[in-house]
Structure formats: structure tokens, C-alpha cells
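So the structure is just underneath, and the comments pick up after that.
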Amino acid sequence: MKQTLIIVLLIASACSHRQGNTECSWKEFESSVDSCMAGFQDSNDTAYIKHAISLCDEILSGSTSTEQRYSVLRTKANLLGTIGMLVEAFEVRGESVCLLDTLNIERLEYMSMKSRLEGDNVTANVYLHKAVSECEKNKDDEDMVLREATCYILMGKKDMAKDVMMRYINGHTSSAVSYALDDFDGYISQVEEGVEVLSKAWQSNKNLCPRTPTVE
């Protein structure tokens, strides 16, 4: 276990000394994070995740493309969430969506949740309606269908959420959508429980506020 961590540290060190070779450095970063995740899954030792987060910070401090920066920030947010740092993960996710178009579905979803956490349900629903409109432009996309259904659930429109999935499954084969429909109540509970967990974490960390833009 310790030997694996030492190997990861050595890889990270090699990365930091080859900043002139961006492609090599980027590949080594991805490999290092994967190794950290594997180490954590094997041992449940959060030191692996914390080290992976430090690798993200190292990459972010250097020169990266917008696409790479988005990817690293998203990875960092997932890592923070893995060790229960939900508010910090939400903040970093906010930094990542800043790099997306103002009508990008991920950005709209994020801004809706941020408004909800701040107690502004009216604005939250405005963003959700915008998100639904964007999803409707991609009716044949399985992921967009599930996102649209989730938006309706968050708006309290559970029948519409089910209709969206039913409409899709009538013309497409999708194990993910079928599974959600087969246990629709469970799907709703998953969404609601996720919001509740984040809300509780937010309330206990009121002084830590995400730095995110306002979507026009």
C-alpha cells in the first residue's frame, strides 16, 4: 500500500519537472490521479484522494487549455465529494461551470442548485426552465432526457418527469431510462436525497460561499 503511494509521488515529481512537455505532463497527471483513485478504492485511505487533489492544484497553477482546466476542476470537485467535502466540491464545480457557455446544461443546473441553496426558489426554477429548454433541443440524447426529468422533479413536476422518460423509451432502447422508470419512486428519492444532503452540508458551512457567475 505504502509502496503504491510512493510510486504515485514519484510520478507527480516527474510531472513537475517536465512542464515544457505539456502533452507528457498531462498524461502523467491523468495516470497519477487514476493511481490515487485505485489506491483509495483498495485501502479506503483518504491520503490517496488528498494527494490527487494536490495534483489537481499543481496542474491548475500552470498553463492549461480551457478544456483541460474544466476537466481538472471537475475531477477536483469529484475528489472532494468522495471524501465528504460537499460544499468545497460544490464551490469547485462552480469554478468549472464558469468556463462553459451561459446556456450549457451543466451551468444552468449548477446555477439552479446554487439559487436553491441560497433560498431563492424563484430564480432556481428560472434556471431549471432554461435547462429544460436546452434538453428539449436534444430529445434523442439519453443523458439529456434524464437531465430533463431530473429538472422536472426538482420543480415538483413528477408526472412531467415520467412523461419525458416514457416518451423517450417509446422510440428508443435505453437501459438507463428503463431502469429509472421501473423504479421511478426510487429515482425521485435519489434526486431528493441528493438535494437534502447538499442542503444540510451548505447550512453547516454558511460562511463558505461558491464563487460563480450569474447566467444572463
Side-chain angles (χ1 to χ4, degrees), residues 66-67 69-82 86-87 89-203 210-216:
T66 299
E67 183 179 354
R69 189 170 185 82
Y70 169 79
S71 178
V72 176
L73 285 168
R74 188 170 184 176
T75 296
K76 182 180 177 181
N78 290 339
L79 290 166
L80 287 165
T82 298
L86 300 183
V87 178
F90 190 74
E91 180 181 30
V92 173
R93 189 73 179 111
E95 292 181 48
S96 73
V97 299
C98 281
L99 303 174
L100 302 174
D101 182 81
T102 54
L103 288 179
N104 182 281
I105 183 67
E106 290 183 36
R107 183 163 172 168
L108 292 169
E109 288 171 337
Y110 181 89
M111 293 305 297
S112 171
M113 185 56 64
K114 178 176 180 286
S115 298
R116 178 188 291 264
L117 292 173
E118 292 175 342
D120 187 351
N121 290 326
V122 173
T123 300
N125 282 339
V126 169
Y127 285 121
L128 287 174
H129 280 293
K130 288 183 179 181
V132 165
S133 295
E134 292 304 308
C135 290
E136 281 290 312
K137 296 176 183 178
N138 299 277
K139 294 181 180 181
D140 293 325
D141 188 308
E142 174 187 273
D143 179 60
M144 288 296 180
V145 168
L146 290 171
R147 286 176 180 271
E148 182 176 355
T150 300
C151 286
Y152 279 127
I153 290 171
L154 291 172
M155 286 189 280
K157 300 178 179 180
K158 298 173 185 178
D159 288 342
M160 293 186 72
K162 193 169 188 176
D163 286 345
V164 166
M165 289 193 283
M166 288 293 295
R167 188 175 66 222
Y168 178 82
I169 211 68
N170 285 336
H172 304 78
T173 300
S174 169
S175 57
V177 176
S178 294
Y179 180 80
L181 278 171
D182 289 343
D183 186 19
F184 188 62
D185 289 340
Y187 186 79
I188 292 172
S189 294
Q190 243 184 352
V191 173
E192 293 176 341
E193 286 170 12
V195 173
E196 184 179 0
V197 169
L198 181 56
S199 296
K200 286 181 178 178
W202 180 273
Q203 287 301 315
R211 299 184 297 274
T212 54
T214 298
V215 178
E216 297 296 335

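Not measured: the values here are computed from a predicted model.
Other residues, nucleotides and ligands place no more than 12 heavy atoms under 6.0 Å from the CD atom of Gln190. No more than 12 heavy atoms of other residues, nucleotides or ligands shown are found within 6.0 angstrom of CG on Asp159.
Rounding to the nearest 0.5 Å gives a distance of 12.5 Å between CZ of Arg74 and CG of Leu99. Expressed to the nearest 0.5 Å, how far NZ of Lys76 lies from CD of Glu95 amounts to 6.5 Å. Note that OG of Ser96 is 9.0 Å distant from CG of Asn78, once rounded to the nearest 0.5 Å. Atom-to-atom distance recorded for Glu142:CD and Thr173:OG1 is 10.5 Å, nearest 0.5 angstrom. Note that CG of Asn121 is 9.5 Å distant from CG of Leu128, once rounded to the nearest 0.5 Å.
Judged by distance alone, the side chain of Asn138 and the main-chain N or O of Asp141 form no donor-acceptor pair under 3.5 Å. Under the 3.5 Å distance criterion, the side-chain polar atoms of Ser71 are left unmatched by any main-chain donor or acceptor of Glu67. Judged purely by atom type and a 3.5 angstrom limit, Arg116 uses its side chain to pair as donor or acceptor with the backbone of Leu154.
For the residue pair Thr102 and Leu108, the shortest heavy atom distance occurs at O-CD2, 3.7 Å. Across every non-hydrogen atom of Ala201 and Val87, the tightest pair is O-CG2, 3.3 Å. Across all non-hydrogen atoms, the minimal contact from Met165 to Ala180 is SD-CB, 3.7 Å. Closest heavy-atom contact between Ser174 and Ser178: O-OG, 2.8 Å. Closest heavy-atom contact between Ser115 and Thr123: OG-CG2, 3.5 Å. Taking every heavy atom of both residues into account, Ala131 and Cys151 meet most closely at CB-SG, 3.8 Å.
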From CA spacing to verdict: salt bridge (charged side-chain N to carboxylate O under 4.0 Å, His left out), Glu134, Arg147: CA-CA 10 Å; Glu134 292 304 308; Arg147 286 176 180 271; over 6 Å; no
Run Glu148 and Lys139 through side chain to side chain contact (heavy atoms under 4.5 Å, CB included) and show every step you take. CA-CA 10 Å; Glu148 182 176 355; Lys139 294 181 180 181; 5.8 Å; no
Is there a side chain to side chain contact (heavy atoms under 4.5 Å, CB included) between Val177 and His172? Walk through the geometry before answering. CA-CA 10 Å; Val177 176; His172 304 78; over 6 Å; no
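Looking at Leu80 and Glu91, their side chains never come closer than 4.5 Å, going by heavy atoms from C-beta outward. With a 4.5 Å cut-off on side-chain heavy atoms, Arg107 and Tyr127 do not count as touching. With a 4.5 Å cut-off on side-chain heavy atoms, Leu198 and Leu117 count as touching. Annotation: side chain of Ile105 is in contact with side chain of Glu109 (closest heavy-atom distance under 4.5 Å). In this structure, the side chains of Met166 and Leu181 come closer than 4.5 Å at one or more pairs of heavy atoms. You'll find the side chain of Leu146 reaches within 4.5 Å of the side chain of Tyr187, heavy atoms only.
Salt-bridge check for Arg93 with Glu106: passed, with a basic side-chain N closer than 4.0 Å to an acidic carboxylate O. The pair Lys158-Glu192 meets the salt-bridge criterion, since a charged nitrogen lies less than 4.0 angstrom from a carboxylate oxygen.
In this pair, Tyr110 and Phe90 present their aromatic rings parallel. The plane angle is below 30°, not in the 30 to 60° band.
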